2 protein chains.
Amino acid sequence: MPRPTTKLLSPQIIVDAAIRMVDSTGDFTMPGLAQRLKVRPSSLYNHVSGRAEIVELVRAHMMSQIDLTVVADAPWTEVVTALAREYRRSYARHPRFIPLFTSHTVAAEAAFGMYNALASAFAAGGYPPEQILHAITAVDSFVLGSALDLAAPEVVWESGPEANDAMRAALATSAPNPERADAAFEFGLDALVAGLAARAGG
Amino acid sequence: MPRPTTKLLSPQIIVDAAIRMVDSTGDFTMPGLAQRLKVRPSSLYNHVSGRAEIVELVRAHMMSQIDLTVVADAPWTEVVTALAREYRRSYARHPRFIPLFTSHTVAAEAAFGMYNALASAFAAGGYPPEQILHAITAVDSFVLGSALDLAAPEVVWESGPEANDAMRAALATSAPNPERADAAFEFGLDALVAGLAARAGG
DNA sequence: ACCTGAACACCGTTCAAGT
DNA sequence: ACCTGAACACCGTTCAAGT
């Protein structure tokens, strides 16, 4: 009886199980992972250093799904828009995992491809070096905040105790998630990139 | 011997202790809170329903610190800018608490004052109701993302394995936190509001 | 009314022992 | 090389008991 060629455990298998567990329950635990993989919790430590590393591996996995070549030879504002959209989409595939990224370690390594691509786009737009980092940070912050909005439970706006006139009129037009979050992201992204374009070329 | 007039425990006292513990350690636990307050962990449950409620009380406390009347009679774009700045500042006083807000419940109640003020400003700017919610969401997402950037540990950009030319030039200008995060926020906020202004009045 | 003590069902992690 | 079993030091929460 030869050993099975496919191993029972590996970092990739653990990462997949963590993603599935968070998708279905909103969080993951080492015992929960072990149970899904039909293994004892201590076995996991032969493949990952601990829970924190699993979170980082998931982050790296999601970032690796980003296609950095989209519309590579378009005007720079379209490149930034497309990159930000791809960036958020990679988060959006597993929205409930996003809060686990926010008590973060570094993340810079996994995101470096994205940052390089954004830096090139802003440089092409005429941005001086000392503002490129700010522009990248602005896009990064907006994408992460928007991704978190996607993970939010359906907001019970209606129960808002004292909405003023402007707010009440706005609430009357509200759509359910994820359509509302998607529309808000596209709206905000368009405004942000337009504002960044107005500051460029100096 | 009369009882002491100041009680040993109250929701406010627990909230203050949680904030101090997160400021100094990055997280809080019920036993840790109890120890700081010279009390047993089970005593806390006479004043709060549990850990989750403490997080929500802290969120409400921080939001209540926001001054919604800043520059009330300025042009609407300045009102939005000032509100967003105040909003982020209320987070920034205790940056390490911010990640604890991101696995959130509703938050809408605590933020309603801010949302009302933003709604009024956008309405004054000529925004139609169906876009006001998007504009508010964009500001909200950008502020939260920027606040999280503030909680990030000093990023070891330099160790970035393969920065391209544009990125390397940008990194050479990087300042330490919190100055870098502050400058990036102001830069991004200016761009976002400029973009939102360009879409207004339609 | 509110603090305590003891208990419960969990965590993440380590490590010697097996194969 | 990798899985197990047992153990450790923790969690958050409940609840009867005290005062």
Side-chain angles (χ1 to χ4, degrees), chain A residues 1-60 96-97 99-106, chain B residues 1-60 96-97 99-106:
Chain A
M1 198 72 149
R3 302 201 236 156
T5 58
T6 56
K7 298 168 54 183
L8 292 180
L9 241 40
S10 73
Q12 186 59 55
I13 288 171
I14 293 172
V15 161
D16 289 346
I19 291 175
R20 286 200 311 273
M21 186 169 173
V22 169
D23 281 349
S24 68
T25 75
D27 203 353
F28 79 93
T29 65
M30 304 300 274
L33 246 42
Q35 189 180 355
R36 281 161 179 259
L37 296 170
K38 296 195 159 62
V39 119
R40 302 294 145 196
S42 51
S43 305
L44 301 168
Y45 292 83
N46 286 302
H47 300 88
V48 295
S49 66
R51 204 190 116 97
E53 190 185 23
I54 296 176
V55 172
E56 288 315 302
L57 288 174
V58 170
R59 194 209 301 268
R96 304 179 80 179
F97 221 107
L100 303 185
F101 294 142
T102 61
S103 320
H104 41 357
T105 50
V106 182
Chain B
M1 199 70 149
R3 302 199 235 157
T5 58
T6 57
K7 298 168 55 182
L8 292 180
L9 241 40
S10 74
Q12 186 59 55
I13 288 170
I14 293 171
V15 161
D16 289 346
I19 291 175
R20 286 199 310 274
M21 186 169 173
V22 169
D23 281 349
S24 68
T25 75
D27 203 355
F28 79 93
T29 65
M30 303 302 274
L33 246 43
Q35 189 179 354
R36 281 160 179 258
L37 296 171
K38 296 195 158 61
V39 119
R40 302 294 145 193
S42 52
S43 305
L44 300 168
Y45 293 84
N46 286 302
H47 300 88
V48 295
S49 66
R51 205 190 117 96
E53 190 185 23
I54 296 177
V55 172
E56 288 316 302
L57 288 174
V58 170
R59 194 210 302 269
R96 306 179 79 179
F97 221 107
L100 303 185
F101 294 143
T102 60
S103 319
H104 42 357
T105 49
V106 181

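No experiment lies behind these values; they were computed from the predicted model shown.
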- request: Indicate yes or no for a side-chain donor-acceptor contact from B:Arg51 to the backbone of B:Phe28 under 3.5 Å, with no hydrogens or angles considered.
  value: yes
OP1 or OP2 of D:dG5 under 4.0 Å from side-chain N/O of A:Arg40: yes
task: Give the nucleotide from the list D:dT13, C:dG12, C:dC3 with an atom nearest to the side chain of B:Arg51.
output: D:dT13
field: Integer-rounded Å distance: C:dC10 P and B:Met30 CE
entry: 19 Å
query: Which nucleotide in the list D:dC11, C:dC3, D:dT4 gets nearest to the side chain of A:Asn46?
result: D:dT4
field: Spacing between A:Glu53 atom CD and C:dT13 atom P, to the nearest angstrom
entry: 11 Å
- line: Taken to the nearest whole Å, CG/A:Asp27 to P/C:dC10 is 15 Å
- request: State the pairing partner of C:dA17; accept Watson-Crick or G-U wobble contacts with both distances under 3.5 Å, and report none otherwise.
  value: none
message: Contact between B:Leu9 and B:Asn46 at the side-chain level, heavy atoms closer than 4.5 Å - yes or no?
response: no
task: Take the protein atom CG of B:Leu8 and the nucleotide atom P of C:dT4, then report the distance between them rounded to whole Å.
output: 8 Å
- request: Starting at atom CD1 of A:Ile54, determine the distance to atom P of C:dG12, rounded to an integer number of angstrom.
  value: 9 Å
- request: Classify the side chain of B:Ser42 versus the base of C:dG5 as yes if they form a donor-acceptor pair under 3.5 Å and no if they do not.
  value: yes
message: A:Val22 vs A:Val58, test: side-chain contact (heavy atoms from CB on, under 4.5 Å). Steps then yes/no.
response: CA-CA 11 Å; A:Val22 169; A:Val58 170; over 6 Å; no
- prompt: Does OP1 or OP2 of C:dA1 have a side-chain N or O of B:His47 closer than 4.0 Å?
  reply: no
field: Residues, nucleotides or ligands: over 12 heavy atoms within 6.0 Å of A:Gln12 CD
entry: yes
- line: A:Leu37 CG to D:dC3 P, in whole Å, measures 10 Å
query: Would you find a donor on one side and an acceptor on the other, under 3.5 Å apart, between the side chain of B:Arg59 and the backbone of B:Leu100?
result: no
field: Gap between atoms CD and C1', on B:Gln35 and C:dT4 respectively (whole Å)
entry: 16 Å
message: Could you tell me how far apart A:Ile13 (CD1) and D:dC2 (P) are, to the nearest whole angstrom?
response: 11 Å
message: Less than 4.0 angstrom between a side-chain N/O of A:Ser43 and OP1 or OP2 of D:dT4, yes or no?
response: yes
message: With a 3.5 Å limit on both atom pairs, tell me what D:dC8 is paired to, counting Watson-Crick and G-U wobble, or say none.
response: C:dG12
